[in-house]
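For this chain, numbers begin at 1 and follow the sequence in order. Side chains included, hydrogens not; waters and symmetry mates left out as well; all remaining heavy atoms used.
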Amino acid sequence: MHLFVAFDGSDDGYDALRALVGEFDRTRARSVTVAVLAWPVRESPIWEKALERRLEFHDLHEAMAEVAHVETGRLRALFPDHATVETVIGEGVPVEAMLSATSAEAPDFVLVGVTGGLHRQAVLEIVGEFVARTPFRVVVANGKPADGSAQQP
């Protein structure tokens, strides 16, 4: 089984993916592609993190490279050591990058972690267009809203 897993860099989106992946049979062999979408700058949790880290690195490219490395590492850690895990750092128009990455090796399904926080609507626009254009099954793992209110689609 091949999974393609992507998320927006949010902690709550990651927690939602972790809960979902935690329900998988960890003994089953699978291949996984984990992805984060880096460039270009856009409204998203991963860019919020990169902009904060820019102060440490003094260079936005280095800051995003570090954030992307950390976030793909978190995704990789969700899967057992015997899983074959490939990392993709997407660049370009986000939907096109995801379509390109999933066409490289057709996944059995796609998991996407989405924030319930500040950048939710911007992220959902990308996810919605991807879902409309991809031929693959997609499961969206929704992060909890920061205020604890009910999630709006």
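In this structure, the separation between CG on Asp8 and CZ on Arg42 is 9.0 Å, given to the nearest 0.5 Å. For the atom pair CD (Glu125) and CD (Glu43), the distance works out to 8.5 Å, reported to the nearest 0.5 Å. A distance of 8.5 Å separates CG in Asp15 from OG in Ser10, rounded to the nearest 0.5 Å. Note that the OG atom of Ser31 and the CG atom of Leu3 stand 7.5 Å from one another [nearest 0.5 Å].
In terms of hydrophobic clustering, with Ile, Leu, Val, Met, Phe, Trp and Tyr side chains grouped at heavy-atom distances under 4.5 Å, Val34 and Phe109 are assigned to a common cluster. Under the 4.5 Å side-chain heavy-atom criterion for ILVMFWY residues, a single connected hydrophobic cluster contains both Val139 and Tyr14. Hydrophobic clustering, with ILVMFWY side chains joined whenever heavy atoms are under 4.5 angstrom apart, keeps Val88 apart from Leu75. A chain of hydrophobic side-chain contacts below 4.5 Å, direct or via other Ile, Leu, Val, Met, Phe, Trp or Tyr residues, connects Val114 to Ile126. Hydrophobic clustering (ILVMFWY, side-chain heavy atoms < 4.5 Å, transitive): Met1 and Leu78 are in one cluster.
No side-chain heavy atom of Phe4 sits under 4.5 Å from any side-chain heavy atom of Leu111. In this structure the side chain of Arg133 reaches within 4.5 angstrom of the side chain of Leu99, judged on heavy atoms. For the pair Val32 and Arg30, the minimum side-chain heavy-atom distance is below 4.5 Å. With a 4.5 Å cut-off on side-chain heavy atoms, Asn142 and Arg120 count as touching. In this structure, the side chains of Phe7 and Val36 come closer than 4.5 Å at one or more pairs of heavy atoms.
Residues meeting the ring-ring contact (aromatic ring centres under 6.0 Å, His included) test with His61, sequence neighbours left out: Trp39. With sequence neighbours excluded, the residues that form a salt bridge (Lys or Arg N to Asp or Glu O under 4.0 Å) with Asp11 are Lys49, Arg74.
Closest non-hydrogen pair, Phe136 versus Pro107, comes out as CD2-O, 3.5 Å. The minimum heavy-atom distance between Arg137 and Asp108, with the atom names listed, is NH2-O, 3.1 Å. Closest approach of Pro40 to Gly92, counting heavy atoms only: CD-O, 3.0 Å. Between His82 and Arg26, the shortest heavy-atom distance links the atoms CE1-O, 2.8 Å. Heavy-atom minimum distance, Val112 versus Met98: CG2-CE, 4.3 Å. Considering every non-hydrogen atom in both Ala38 and Trp47, the closest pair reads O-NE1, 2.7 Å.
Using modelled atom types, one side-chain atom of Thr72 and one backbone atom of Ala68 make a donor-acceptor pair closer than 3.5 Å.
Each of Thr84, Thr33, Thr102 was evaluated against His2; a single residue qualifies, Thr33, per the side-chain hydrogen bond (donor to acceptor under 3.5 Å, both in side chains) test.
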Could you go step by step and tell me if Asp12 and Thr115 meet the side-chain hydrogen bond (donor to acceptor under 3.5 Å, both in side chains) rule? CA-CA 6 Å; Asp12 60 317; Thr115 187; 2.9 Å; yes
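The existence of a salt bridge linking Arg76 and Glu71 is excluded, since no basic side-chain nitrogen approaches an acidic carboxylate oxygen closer than 4.0 Å.
Below 30°, between 30° and 60°, or above 60°: for Phe79 and Phe24 the angle between ring planes is between 30° and 60°, a tilted geometry.
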